[in-house]
Structures are given as structure tokens and as C-alpha cells.
Amino acid sequence: MRAKREYRDRADIEVAVLDALVDRADDGMTVFEVRAAVEADIDAIEDALGALKADGLIEVEHESERVRILPADRVVPDPSEELDEEGSFIDAIRERLGL
């Protein structure tokens, strides 16, 4: 699953991190799990996490000895409303043309 469309106008690394977190929205991920899911160096991932946290798009939970990162609820799309890529593209064109 991918993050909602309105949160995709960000740096590629930030979108990749959001998408990875949305895929595991119920459980969250550790920094190491994010690193395994996103093809970028740890410094780029840390910068992306910092920007996403500053914008309120992720939440950080501290468990006993682990830190879990979760997407904010507003970033996770409702599966019942999720459209296929072609439908989303066509809807975007219709929206821009006012149809």
C-alpha cells in the first residue's frame, strides 16, 4: 500500500519511507527495518525521518528497548477507497479539467 496522494509531493526518500511505513502501519517499523525496506544510506533515512516527524507525518513509540516508527493515521489510505493507478491518474486529470 502507498501513502495518500497528498503526501507524495515530497523528496523521493521521504515518500519511500512513508510507503514502507504505510505497508506496516499496524506494527510499525524499527529504524533498521526501514533501512532494509528503503534503498538509501542511513544518513538519508535519518534526515527523511526527521523531516517527516517535524511535519507530523510519523509517530515514534518507545517500547521497552525498541523504538517503533508508525505513519500518522492521516497518511494511511482507507483500503476501501483505494483505486488502481490508472483510476487515480484519470481522476487526477478530471479534477484538473473540472470534469
Anything under 3.5 Å between a donor and an acceptor, one on a side chain of residues 36-54, the other on a protein residue two or more places apart or in another chain? List them.
| from | atom 1 | to | atom 2 | distance (Å) |
| --- | --- | --- | --- | --- |
| D41 | OD1 | D43 | N | 3.0 |
| D41 | OD1 | A44 | N | 2.8 |

Practice item. Could I get the full list of side-chain contact (heavy atoms from CB on, under 4.5 Å) partners for E59, not counting sequence neighbours? Key: A72
Practice item. For residues V76 and A25, report the shortest heavy-atom separation together with the two atoms involved. Key: CG2-CB, 4.1 Å
Review point. If you group Ile, Leu, Val, Met, Phe, Trp and Tyr whenever their side-chain heavy atoms sit less than 4.5 Å apart, what else falls in with V67?
Key: V60
Review point. Does the pair T30 and R66 meet the rule for a side-chain contact (heavy atoms from CB on, under 4.5 Å), with working shown?
Key: CA-CA 7 Å; T30 65; R66 298 182 111 183; 4.0 Å; yes
Check your understanding: With R10, which residues qualify under side chain to side chain donor-acceptor pair (under 3.5 Å), at least two apart?
Key -> E14, D55
Point to revise | Hydrophobic cluster membership, L70 vs V17, 4.5 Å side-chain cutoff | key: no
Review point. With sequence neighbours left out, what residues match R8 under side chain to side chain donor-acceptor pair (under 3.5 Å)?
Key: D19
Exercise for review: Answer yes or no: does atom CZ of R74 have more than 12 heavy-atom neighbours from other residues, nucleotides or ligands under 6.0 Å?
Suggested key: yes
Check your understanding: How about L18 and I58: do any of their side-chain heavy atoms sit closer than 4.5 Å?
Key -> yes
Exercise for review: Hey, could you give me each pair passing salt bridge (charged side-chain N to carboxylate O under 4.0 Å, His left out) that has a residue in residues 20-29? Not counting sequence neighbours.
Suggested key: R24-E33
Check your understanding: Does some side-chain heavy atom of L21 sit less than 4.5 Å from a side-chain heavy atom of M29?
Key -> yes
Check your understanding: Do V15 and V75 share a hydrophobic cluster, counting only Ile, Leu, Val, Met, Phe, Trp and Tyr and linking them when any side-chain heavy atoms are less than 4.5 Å apart?
Key -> no
